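Below: one structure, written as C-alpha cells.
These values consider heavy atoms only, across backbone and side chains, with no hydrogens, waters or symmetry-generated copies. We count ligands from 1, going down the list as the structure has it; atoms in each ligand are counted the same way. Computed from a predicted structure; not experimentally measured.
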Amino acid sequence: MNDVDKLFAQPLTKVSDFVFDHDVARVFPDMIKRSVPGYPTIVETIGLIAGQHAGPHTLIYDLGCSLGAATQSMRRHVRSQGCRIIAVDNAPAMVERCREYLSAQSAMTEELTPAEVIEADILELPLQPCSVVVLNFTLQFINPELRLPLLSRIRQALKPGGILLLSEKLRFDDPDQQQRLENLHYAFKRANGYSELEIAQKRSAIENVMRPDTLDTHLQRLQQAGFSQAHSWFQCLNFCSMIATCD
Ligand SMILES: Nc1ncnc2c1ncn2[C@@H]1O[C@H](C[S@+](CC[C@H]([NH3+])C(=O)[O-])CC(=O)[O-])[C@@H](O)[C@H]1O
Ligand SMILES: O=C(O)C(=O)Cc1ccccc1
C-alpha cells in the first residue's frame, strides 16, 4: 500500500506542475518523510500541542490533511471528552486514501478522538467555532494573495484560548542563508536516497505551485490576521512550525 517514491527517477521530457493525484497519494508517506527534515517530529508534536489546547466538546480542523498524518497524531493525543476532528483536503486521491488510513487506525486502536474527512477547498469551506486549527505544510500551496484572508477566517473561527499550528518551508531574505539552507535540504534528500535528477525534476515540478514565505512574513501576517501571539516552536533546516494564539 505504501510505495517508495520514484516519481521523478526517470528523465522527463517535460516536467509538469506538481499535483496531488493518485500517483502522489500512493507514495506520499515515503515522499514527505524523505523530503521534509523534521516531519515525523512535527507530526508527533502537533498531536502533543493539540492535546494541551483542545478543550472538552470542541472542534479541531486539519486543513490540507493529505493522508491525515497530523489527524492520526491528534486522535491519539487529544484526551478531552467530546472533541471531534475535521480533516479537509481538496484532492480526491488524498481524501480517498486518508479515509482508509483513519479507518485502519480506528480498527487498531481504542479510545481515539473521532475524525471525519471532508473533500473541500479550504478557501471555500465555512469554518465552525473551534479550538485548534492545523495547517501542516498547506499554506505554501495557497495563492499568496489569499493567504491573509484564509488566516483571518481561521482566527475568526477560533475560540478564546484556541491555537493555529502552521508548518511551512521557509525562504530567507539573506542570499547566503538561503543558499546554505537550500543546499543542506538537498543534502538531506541525497542522504535519503534521492538522485540529483530526482532532486532537480522535483524542484521544477514544485517551483510554480509551492511558494514559501520568510519567517518574518509569516509572523507579521499572523499578527495582521488578528492572532495575539505568534512564534516558531520548531525548525530543521528550511522547514519550520509555528504556533499562533488567540486571547
Ligand atoms: N485549497 C485547498 N483546499 C484543500 N486542500 C488543499 C488546498 N490546496 C492544497 N491542499 C492540499 O494540501 C496538501 C499539502 S501536503 C500536506 C501534508 C499534511 N498536512 C500532513 O500533515 O502530512 C504538503 C506537501 O505535500 O508538501 C495536499 O494534500 C493538497 O491537496
Ligand atoms: O520536496 C520538496 O522539495 C519540498 O519542499 C517538500 C514537498 C514534499 C512533498 C510534496 C511537495 C513538496
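Although no hydrogens or angles enter the test, the distance criterion places no donor-acceptor pair under 3.5 Å between the side chain of Asn136 and the main chain of Ser167.
Within the listing of ligand 1, atoms 1 (N), 8 (N) sit less than 4.0 angstrom from a heavy atom of Ile142. Listed by number with element, the atoms of ligand 1 under 4.0 angstrom from any heavy atom of Gln140 are 26 (O). For ligand 1, the atoms sitting less than 4.0 Å from at least one non-hydrogen atom of Ala91 are 30 (O), numbered in the order shown with element in parentheses. Annotation for ligand 1: atoms under 4.0 Å from non-hydrogen atoms of Tyr39 are 20 (C), 21 (O), 22 (O). Residue contact check: Phe20 has heavy atoms under 4.0 Å from atoms 14 (C), 25 (O), 27 (C), 28 (O), 29 (C), 30 (O) of ligand 1. The ligand atoms of ligand 2 that sit less than 4.0 angstrom from a heavy atom of Lys169 are 3 (O), 4 (C), 5 (O). Counting atoms of ligand 2 from 1 in the listed order, those under 4.0 Å from a heavy atom of Lys189 are 1 (O), 2 (C), 3 (O). Near Met210, meaning under 4.0 Å from one of its heavy atoms, ligand 2 places the atoms 5 (O), 12 (C). Taking every non-hydrogen atom of Asn90 and a distance limit under 4.0 Å, the qualifying atoms of ligand 1 come out as 1 (N), 2 (C), 3 (N), 4 (C), 5 (N), 6 (C), 7 (C), 10 (N), 30 (O). The distance from ligand 1 to the heavy atoms of Asp121 drops below 4.0 Å at these ligand atoms: 1 (N), 2 (C), 3 (N). Listed by number with element, the atoms of ligand 1 under 4.0 angstrom from any heavy atom of Asn136 are 16 (C), 17 (C), 18 (C), 19 (N), 20 (C), 21 (O). Of all the atoms in ligand 2, the ones that sit under 4.0 Å from a non-hydrogen atom of Ser35 are 1 (O).
Of the protein's heavy atoms, Val36 CG2, 3.9 Å lies nearest to atom 6 (C) of ligand 2. Regarding atom 30 (O) of ligand 1, its nearest protein heavy-atom neighbour is Asp89 OD1, 2.6 Å. Closest to atom 7 (C) of ligand 2 among all protein heavy atoms lies Lys202 NZ, 3.8 Å. The nearest protein atom to atom 24 (C) of ligand 1, hydrogens excluded, is given as Phe141 CE1, 3.5 Å; this is a heavy-atom distance. Scanning all protein heavy atoms for the shortest distance to atom 14 (C) of ligand 1 gives Phe137 O, 3.6 Å. Residue, atom and distance of the protein heavy atom nearest to atom 3 (N) of ligand 1 are Ile122 N, 3.0 Å.
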Between Arg75 and Gln105, does the side chain to side chain donor-acceptor pair (under 3.5 Å) criterion hold? Intermediate values first, please.
CA-CA 9 Å; Arg75 290 184 83 189; Gln105 189 192 21; 3.1 Å; yes
Hey, mind stepping through Ser228 and Asp247 against side chain to side chain donor-acceptor pair (under 3.5 Å) and telling me if it holds?
CA-CA 6 Å; Ser228 330; Asp247 285 341; 3.2 Å; yes
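Between the side chains of Gln52 and His77, no donor-acceptor pair of N or O atoms lies under 3.5 Å. For the residue pair Ser103 / Ser106, no side-chain donor-acceptor distance below 3.5 Å is found, with atom types taken as modelled.
By the rule that hydrophobic residues join a cluster once side-chain heavy atoms approach within less than 4.5 Å of another member, Ile32 and Ile199 end up as members of one cluster. Residues Met74 and Tyr61 fall into different hydrophobic clusters, defined by Ile, Leu, Val, Met, Phe, Trp and Tyr side chains chained together at heavy-atom separations under 4.5 Å. With hydrophobic clusters built from ILVMFWY side chains whose heavy atoms lie under 4.5 angstrom apart, Met242 does not share a cluster with Phe239.
One distance of note links NZ of Lys169 with CD of Gln140; it measures 7.5 Å at 0.5 Å rounding.
In this structure, the side chains of Arg147 and Arg211 come closer than 4.5 Å at one or more pairs of heavy atoms. Contact annotation: the side chain of Arg203 approaches that of Glu182 to within less than 4.5 Å [non-hydrogen atoms, C-beta and beyond]. Taking the side chain as every heavy atom from C-beta outward, Ile154 and Leu135 approach each other to under 4.5 Å.
At a heavy-atom distance under 4.0 Å, only side-chain atoms of Ile206, from C-beta outward, approach ligand 2. With a 4.0 Å cut-off on non-hydrogen atoms, Phe18 touches ligand 2 through its side chain and not its backbone.
In Arg180, the CZ atom is not crowded: 12 or fewer heavy atoms of neighbouring residues, nucleotides or ligands sit closer than 6.0 Å. For Gln223, the CD atom counts as loosely surrounded, since its 6.0 Å shell holds 12 or fewer non-hydrogen atoms of other residues, nucleotides or ligands.
Between Val88 and ligand 1, no N or O atom pair is found at a separation short of 3.5 Å. At under 3.5 Å, a nitrogen or oxygen of Ser66, whether backbone or side chain, sits near a nitrogen or oxygen of ligand 1.
Using a non-hydrogen distance threshold of 4.0 Å, Ala120 registers as a contact of ligand 1. In this structure, Phe239 is part of the shell of residues with a heavy atom less than 4.0 angstrom from ligand 2. In this structure, His185 is part of the shell of residues with a heavy atom less than 4.0 angstrom from ligand 2.
In this structure, Arg34 is positioned above the aromatic face of Tyr194, its NZ or CZ under 6.0 Å from the six-membered ring centre and within 45° of the axis.
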